[in-house]
Each structure stands twice: as structure tokens, then as C-alpha cells.
Amino acid sequence: MKNLLDKIQEAKSYIESKINFAPEVGLVLGSGLGVLAEEIENKIIIKYEDIPYFPVSTVVGHAGQFVCGDLEGRKVIAMQGRFHFYEGYSMEEITFPIRIMKKIGVKNLLLTNAAGGVNEAYVPGDLMIITDHINMSGVNPLLGKNYDELGPRFPDCSEIYNKEINNKIFEIAKKLDIRLQKGVYQMNSGPTYETPAEVRFARIIGADAVGMSTVTEAVVARHSDIKVTGISCITNMAAGILDQPLHHGEVVETANMVKKTFINLVKNIIPILK
Ligand SMILES: O=P(O)(O)O[C@@H]1C[C@H](O)[C@@H](CO)O1
Ligand SMILES: Nc1nc2[nH]cnc2c(=O)[nH]1
């Protein structure tokens, strides 16, 4: 049975056999946000199913491949499709791509997701910079054996989302005249959307948005000393706020509606991810 370090090495070797550069910036594109990968030039596509020890995406709106190439003058590797705890993957499987990104040279990671708005000042279509997170998934991605080569046993989490980069993003959004929220992202395990009572609870404990991903990748990226930035696309108001049911189709549809703004903002962010 291969250990995590051996699996990372094997997956790294496979990816490096496909790309002849070391990506500086990693991107994880959430539900309905994979379209950003189309902006990458000189694309090299690496399907998850071809990478040793990689899971495959099973959710509508998640393609299931790395897209590597040039974006705004930077060498990037984008996950067009991510893995979720609710799909039944282990925490090691969900965060394995982040371990690979670190190993091939990524120093900055931009995490994106579709989330439900808990803060009632938000409207569907808003973009939210993640300032901090609350892990209510019920599990920590670093549980189990710690490999000191990958990071410390007890990582500091007082600033997972890079404040300096977040401040620059706000300047960029102002210049681009993009309405940008900032707030706390709460990860629930999913796959159910929240009940109205769970949304009220999230609000009480300080969450501005609820989702089912991102926190796991952010924690492992922090463990690996990668600089992390997170952007949520508020695709719907969380349960109970509007008198209407929630549906994944609406999530993907709203993400599609705001894709131009999302792409414009992200393309202007890429150069400052240093
Ligand atoms: O991958 P993300 O977090 O963007 O996807 C969100 C959470 C669920 O996977 C899905 C629910 O509609 O959207
Ligand atoms: N947990 C959760 N994830 C989402 N992803 C998109 N919308 C939502 C939501 O309302 N709740």
C-alpha cells in the first residue's frame, strides 16, 4: 500500500510528463465557474482519470480535468471541476490535487465556489471575497498521520486567506466598478442544502455564506504554505431567506449569468497573486 508521499510523487511525475513548465498559480473552479479555464492560452488538458491516484468529478458543472497554460502573463494550473466530501471521497482524495499543486511549484492558490448567501445584504450574482471560514463539515482534512515534509502537525490558521492580496483585490474591484462583498464562508458537508434553521444558526455564528467545499482545500494549502485567496459566487440566497426551494440548476444558471464579471475580476487578480 503506497503512502501519501509516494502517491504525490507518482502523480507529480505524470503531470510533469505532460507540461514543460512549473505553474506558479493554482485555480480551483467551483460549480458553474469552470468557464474561466477557457481563458487559459496554450492549453494543456490533463484529465483527472489519467492521473495516478486521482478521483474523478461526479457533479454537474464540474468537467474533471486540469487545464494548464498561460493566463494574464502567468503560468497557471486550473482545476476544471473539484471533488467534494459529499461525493463520498476521503479528505485525502479531496485535497490530493492541492498536494500535487504544491509539489509542482504552485505558490498561490485561488479557490472559487458557488455558495448560498446567508448575509441578507447579498443578492444572487454577488461575488464575495472570503476573509475567513468556519469548518462545519464535521471533519478536518488534516486528521490522521502528519507528514512533516508536507507541513506542521498543528498549522496556524489565524490568516488562511491572505489579507494583503484581499486588500489589493478590493482596489481592483473598485477600479473595475465590480460590486464585491467580503465575508465568512461556512462549509457544511452537504449534499443537502441547509434547512432554514441551519441558515439562522450559520448567521448567528458569523457566517455570510454557506457552501460545501473550499475549506478543505484552503486548510491543506495553508498546511503546505501556499498563499490562499477565495472567491464565492453567491448563486442563491440560502434556505429560508426567500420563499422558494433551492436547486443545483439555479446555482449553475446564476454562475453562468455572472461569468463575464467573474472572469473579468479573476483575470485582473492573476497578476497580483505573488
Ligand atoms: O464546488 P462548489 O462548492 O462551487 O459547488 C457548490 C456546492 C455544491 O457542490 C453545489 C451545490 O449546488 O454548489
Ligand atoms: N451549502 C450550500 N452550498 C451551496 N452552493 C450553492 N448554493 C449553496 C447553498 O445554498 N448551500
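Both backbone and side-chain heavy atoms feed into the values below; hydrogens, waters and symmetry mates do not. Counting starts at 1 for both ligands and their atoms, in listed order. Throughout, residue positions are numbered sequentially from 1 according to the sequence presented.
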Ser213 N/O under 3.5 Å from ligand 1 N/O: yes
Starting from atom 7 (C) of ligand 1, locate the nearest protein heavy atom and write down its residue, its atom name and how far away it is, to 0.1 Å. Met212 CB, 3.8 Å
Near ligand 2, which protein residues have a heavy atom under 4.0 Å away? Ala114, Ala115, Gly116, Tyr193, Glu194, Val210, Gly211, Met212, Thr235, Asn236, Leu246, Val251
More than 12 heavy atoms of other residues, nucleotides or ligands under 6.0 Å from CZ of Phe201: yes or no? no
Just let me know how Asn113 lines up against ligand 1, side chain, backbone, both or neither, with a heavy-atom cut-off below 4.0 Å. both
Does one side chain, of Arg99 or His223, offer a donor that lies under 3.5 Å from an acceptor on the other? yes
Side chain to side chain, Glu194 and Asn188, heavy atoms closer than 4.5 Å: yes
Side chains of Glu217 and Met79, heavy atoms from C-beta outward: is any pair under 4.5 Å? no
Ligand 1 N/O within reach of Tyr193 N/O, cut-off under 3.5 Å: yes
Side chain or backbone, does His248 bring an N or O within less than 3.5 Å of an N or O on ligand 1? yes
Does the ring center of Tyr193 lie less than 6.0 Å from the ring center of His248? no
Honestly, is Lys145 close enough over Tyr147, meaning NZ or CZ under 6.0 Å from the six-membered ring centre and within 45° of the axis? yes
Cut-off 3.5 Å, side chains only: do Asn113 and Ser213 have a donor facing an acceptor? no
Output the list of atoms in ligand 1 that are nearer than 4.0 Å to some heavy atom of Tyr86, sorted by atom number. 8 (C), 9 (O)
So which heavy atom in the protein is nearest atom 5 (O) of ligand 1, and how far is it from that ligand atom? Ser31 OG, 2.8 Å
Quick one, Ile8 and Ile100 - any side-chain contact, counting heavy atoms below 4.5 Å? yes
Greater than 12 external heavy atoms within 6.0 Å of Lys168's NZ: yes
Check the angle between the aromatic planes of Tyr48 and Phe54 and answer parallel, tilted or perpendicular using the 30° and 60° thresholds. tilted
Tell me which protein heavy atom sits closest to atom 2 (P) of ligand 1, plus the residue, atom name and distance to 0.1 Å. Arg82 NH1, 3.5 Å
Just grab all the side-chain hydrogen bond (donor to acceptor under 3.5 Å, both in side chains) pairs involving residues 235-244, residues at least two apart or on different chains. none
Just distances here: any N/O of Ala114 and N/O of ligand 1 closer than 3.5 Å? yes
Within ligand 1, which atoms have a heavy atom of His84 less than 4.0 Å away? 1 (O), 2 (P), 5 (O), 9 (O)
